[in-house]
Structures are given as structure tokens and as C-alpha cells.
Amino acid sequence: MSGARLEVIERNCKGCSICVEFCPKNVLEMDVFLVTVPRPEDCIKCMQCELLCPDFAIKVHDE
Amino acid sequence: MAYDYEKSIRPGKLPHIWCPGCGHGIVMKGLIRAMDTCELDRAKTSIVSGIGCASRLPGYLDACTLHTAHGRAAAFATGVKLADPEMTVIVCGGDGDGTAIGGNHFIHACRRNIDMTYVVMNNYIYGMTGGQFSPCTPTGAKASTTPYGNPDPIFDISKLAIGAGATFVARTTAAHPREIDKLIVQGIKHKGMAVIEVLDDCPTTYGRRNKFRSVVDMMKELKKNAVPAKAAAKMTAEQLQGKFLTGVLFQDTEKPEYCEMYQEVINKAQGA
Ligand SMILES: Cc1ncc(C[n+]2csc(CCOP(=O)(O)OP(=O)(O)O)c2C)c(N)n1
Ligand code: SF4
Ligand code: SF4
Ligand code: SF4
């Protein structure tokens, strides 16, 4: 499975960590109050992070 | 892939005012997807709310929006729909707005079976004003006004809507995002009063008082206790203890819709 390009809109992210906790592949991590994407190659494009982010702050792009 | 929510949001409105982890943002995304699926013309779509954190939702959306008085969303929405029955009318707001101060407007809109879709964001609390208990605060739970635990029994919003006469009633949660748009779409397509109850989270005024370590714990709890109505039919009362049903809970396509009935009154009065 090829990775996805994950876009974090830093201005919108409030650091709730919902995306990190519900990602089934451990792609994301919190850097204190901002989400980071240390393992994009593991992403299976399940969309959970994008669907559950309350803040319109993470997008999963096909790439 | 990545969903284009931004085209439905008024420019410059993000980030929104809701707290980190507040489920209202998840519901707003579901509503946007539902409006897209139904290909709603935003100039013919009215989104109406009262007051509360949940009721801030319409202010973000590029449509014909009305932010009205506390508890009065259903009344204003009734006015919009009767004035122009061609409008698609969507109401959104909290459990406090809809079932406490606005309880009467809510049940009478249900009784009339007027064609609108009411999305109740039920986070069991008055979030905006600091966490006073609402009619949906679970018995025993802590609120700023029930420091020893809430003695009151709750309103089950979905059952209340069915009992009052709504003809499409469904429930889901902020932890089931795909079901939010699926049910709102069904509600919009249904002719008559549709109530979609979305169990939601308020980490700031409810979660922290009620031993949830984080918003993630609140979302996990929502996932754990949701039972699809179809699956529940095969479960015992014991297995259903502490659970709530999700999916379409009630639909009646026979009951007359209010605007159509009112049109008959207009026809008679005009001697047609
Ligand atoms: C007439 C009137 N009474 C009281 C208030 C104060 N008030 C503002 S929002 C609110 C409760 C909102 O709770 P809910 O609808 O559950 O929404 P939430 O903030 O939890 O999303 C109250 C009591 C008001 N604005 N107007
Ligand atoms: S799309 Fe799924 S796998 Fe990829 S980062 Fe988001 S939650 Fe994780
Ligand atoms: S869910 Fe959204 S707001 Fe929360 S940490 Fe992830 S990107 Fe940020
Ligand atoms: S107080 Fe509660 S309902 Fe209001 S924005 Fe914060 S988390 Fe959401």
C-alpha cells in the first residue's frame, strides 16, 4: 500500500489528539499541542483522522 | 480523497470557536457532507439555530442561516418553511436549547410534522454557560449545578420526538462520523419532521467533571455503548443495560405533512 500525503492545517489544529488515537496504523503523533505525521508511508487512507478531526485540520490526499 | 469542506464554509471563519475535541465540529462536517450528497442549492437552504455552543454552527456555513433566540429555533424554522415551502430547512442546536428552554417548540414542531430536519447535538450539558445540567444530563452525573450528582431522570430525545409525532427519528454519535451524514441525508429526503439525535461530547464542562481523562475516552465510551437498532432486536435486556440504540429508530411515511395541510387552508380561504 503506497502512502498518502497527509496535510495538517496548523492554524486549525487544537491538539485534541483524536486523530492520533483513532488512527489504526499509528501514523500520527502529538508534538505537545500540534499533530505531526512521522509515518506517512504506513497510512492506509482509511480517512478516520480526517472524518473525526473536529477542527478541519487534517486532510488525507491521494498520492 | 481529501474532502472539500471549505467551499461550504464562510471565508475566514476557521478556526472555529469550539474547544479542543468538542464534537460539534464533527457534526458540522457530517452536515456539510449531507448537504453535498443531497446537492442542496445553498440559496434555497435555510439553517436555523437558537443559542448555545451547538447553535453557533450555522454561522460558519455558506447558506441562508438564522441564529435566533435561545430555544426558539424550531419556531423560527417553522416560519421560514411556511413562508417558503420550497426551502430546505435544517435546524441544529444543543440538548439544552432544544429540550429545556425550547422543549415546547421542539415537541410542537414534531406534532405538526412540518417538513424540516432537526439535528440535535446532545452533549448532555449546557456547554456554553459553564456546564449546568440539562434535561439530558444522565442521572447521577455531575454538572456545575449538581455537584452531588444529578437526581433527575433524563429525556430520551429520540423517544420524545417519536412520542410527539415526528415521522423520521434516528440516532448516532460524534464517534460514528459516516453515520452522521447518512442519517441526515435520509432526514432531508424524508417529507415531514425528521429528528437526528447525535450524541456528542463536551470535554470542557462535562468530561472533566465526570472522570473522563480525555476527549478520546469520551469518544471511546460513545463507540462502546452504541448498538445498531437491528442488532439490538437480538439482544437481551441485560445485554442492553447502559447501551443506546443507533440508526433509524422510527419512520412513518403516511402522516400528512404540515405545509401541505396548511396549503389546503389557504385554498379554502381563497375560495379555490
Ligand atoms: C433566554 C436565555 N436564557 C438563558 C440563556 C443562557 N444560555 C445560553 S446557551 C445556554 C445553554 C446551551 O446549552 P445547549 O443547547 O445544550 O448547547 P451547548 O452549549 O451544550 O452546545 C443557556 C442556558 C440565554 N442565552 N438566553
Ligand atoms: S487515513 Fe487512516 S491510516 Fe491514514 S493517517 Fe488517517 S487514520 Fe491513519
Ligand atoms: S483531530 Fe484535528 S485538531 Fe485534533 S489533534 Fe488531530 S488534527 Fe489536530
Ligand atoms: S464548552 Fe463544551 S460544547 Fe461548548 S465548545 Fe467547549 S466543548 Fe464544545
Side-chain angles (χ1 to χ4, degrees), chain A, chain B residues 1-10 12-33 53-54 56-57 60-61 121 123 172-182 198 200-204 207 212-223:
Chain A
M1 174 73 68
S2 68
R5 183 169 65 83
L6 287 140
E7 179 193 3
V8 176
I9 297 118
E10 296 189 3
R11 210 178 104 78
N12 289 353
C13 176
K14 293 182 187 149
C16 67
S17 86
I18 288 175
C19 58
V20 175
E21 297 286 335
F22 287 99
C23 170
K25 289 290 171 185
N26 196 27
V27 172
L28 312 167
E29 244 171 54
M30 289 313 294
D31 176 12
V32 197
F33 291 120
L34 185 66
V35 70
T36 59
V37 191
R39 288 170 290 277
E41 64 283 0
D42 292 343
C43 173
I44 54 168
K45 302 177 198 166
C46 69
M47 308 303 288
Q48 281 302 305
C49 55
E50 187 180 306
L51 284 163
L52 286 171
C53 170
D55 283 279
F56 303 80
I58 187 161
K59 284 179 180 283
V60 186
H61 296 283
D62 241 336
E63 213 128 287
Chain B
M1 268 277 127
Y3 199 91
D4 185 5
Y5 294 102
E6 288 73 9
K7 71 173 183 338
S8 301
I9 296 177
R10 292 188 174 135
K13 281 288 190 177
L14 293 179
H16 54 58
I17 50 127
W18 295 313
C19 303
C22 175
H24 295 345
I26 304 175
V27 181
M28 179 156 94
K29 290 164 92 172
L31 176 60
I32 291 172
R33 294 194 300 275
C53 297
R56 295 292 294 262
L57 194 157
Y60 294 104
L61 297 180
M121 296 143 85
N123 59 8
T172 186
T173 86
H176 298 77
R178 289 190 202 275
E179 199 176 37
I180 298 175
D181 42 313
K182 197 179 109 195
V198 185
D200 198 350
D201 61 80
C202 171
T204 305
F212 289 99
R213 278 175 305 132
S214 69
V215 65
V216 172
D217 283 358
M218 299 183 83
M219 307 263 295
K220 285 185 178 159
E221 182 89 355
L222 287 173
K223 271 186 190 281

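Just so it is clear, the structure is predicted and the values come from calculations on it, not from any experiment. Here is how names work: the chains are called A, B, and so on, in the same order as the sequence lines, proteins then strands, and each is numbered from 1.
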> Starting at CG of A:Leu52, measure out to CE of B:Met219 and round the result to the nearest 0.5 Å.
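So the CG of A:Leu52 and the CE of B:Met219 are separated by 4.5 Å.
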> More than 12 non-hydrogen atoms from neighbouring residues, nucleotides or ligands closer than 6.0 Å to NZ on B:Lys223, yes or no?
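It does: B:Lys223 NZ has more than 12 such atoms within range.
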> Should A:Ile18 and B:Met218 count as side-chain neighbours, where that means a heavy-atom distance under 4.5 Å?
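Contact flag for A:Ile18/B:Met218 side chains = no.
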> Provide the closest heavy-atom pair for A:Cys16 versus B:Pro20 in the form atom of the first, atom of the second, distance.
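Residues A:Cys16 and B:Pro20, closest heavy atoms: CB-C, 4.0 Å.
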> Carefully, step by step, assess B:Trp18 and A:Asp55 under the rule side-chain contact (heavy atoms from CB on, under 4.5 Å).
CA-CA 8 Å; B:Trp18 295 313; A:Asp55 283 279; 5.9 Å; no
> Step through the shown structure and confirm whether more than 12 heavy atoms of other residues, nucleotides or ligands are within 6.0 Å of NZ on B:Lys182.
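Not buried by this count: 12 neighbours or fewer within 6.0 Å.
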> Find the distance between CD1 (A:Ile9) and CD (B:Glu6) and round it off to the nearest 0.5 Å.
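Reported value, rounded in 0.5 Å steps: 6.0 Å.
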> Taking C-beta and beyond as the side chain, do B:Arg178 and A:Leu51 meet within less than 4.5 Å on heavy atoms?
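When only atoms from C-beta onward are counted, A:Leu51 and B:Arg178 do touch, with a gap below 4.5 Å.
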> Could you tell me whether a side-chain N or O of B:His16 sits under 3.5 Å from a main-chain N or O of A:Asn12, the two making a donor and an acceptor?
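Side chain of B:His16 to backbone of A:Asn12: no pair is present.
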> Closer than 3.5 angstrom, by distance alone: can the side chain of A:Arg11 be matched with the main-chain N or O of B:Leu14 as a donor-acceptor pair?
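Side chain of A:Arg11 to backbone of B:Leu14, a donor-acceptor pair under 3.5 Å: yes, one is there.
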> If you round to the nearest 0.5 Å, how far is SG of B:Cys22 from NZ of A:Lys14?
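Going from the NZ atom of A:Lys14 to the SG atom of B:Cys22 covers 8.0 Å.
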> Between B:Ile180 and chain A, with a heavy-atom cut-off of 4.5 Å, which part of the residue counts as in contact: side chain, backbone, both or neither?
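Contact with chain A involves no heavy atom of B:Ile180 at all.
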> Quick one, B:Lys13 and A:Phe56 - any side-chain contact, counting heavy atoms below 4.5 Å?
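They are not in contact (no side-chain heavy atoms under 4.5 Å apart), so the answer is no.
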> Where does A:Phe33 contact chain B at under 4.5 Å (heavy atoms): side chain, backbone, both or neither?
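Looking at A:Phe33, nothing touches chain B.
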> Shorter than 4.5 Å, heavy atoms on both sides: which option in A:His61, A:Glu50, A:Met47, A:Glu7 has the most such pairs with chain B?
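Of A:His61, A:Glu50, A:Met47, A:Glu7, A:Glu50 has the most heavy-atom pairs under 4.5 Å with chain B.
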> Is it the backbone or the side chain of A:Cys53 that comes under 4.5 Å from a heavy atom of chain B, or both, or neither?
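Its backbone and side chain both get close to chain B.
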> Determine the option with the most heavy-atom pairs under 4.5 angstrom with chain A, choosing from B:Ala174, B:Gly25, B:Ala2.
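Sorted descending by pairs with chain A, the first entry is B:Ala2.
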> Are there more than 12 heavy atoms of other residues, nucleotides or ligands under 6.0 Å from atom CZ of B:Arg56?
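Counting other residues, nucleotides and ligands, CZ of B:Arg56 stays at 12 neighbours or fewer.
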> NZ/A:Lys59 to CE/B:Met1 distance, rounded to the nearest 0.5 angstrom?
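Reported to 0.5 Å precision, the distance equals 12.5 Å.
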> Need one label for B:Lys220: side chain, backbone, both or neither, based on atoms under 4.5 Å from any heavy atom in chain A.
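Both the backbone and the side chain of B:Lys220 come within 4.5 Å of chain A.
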> With a 4.5 angstrom heavy-atom cut-off, is it the side chain or the backbone of B:Val215 that approaches chain A, or both, or neither?
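Looking at B:Val215, just its side chain touches chain A.
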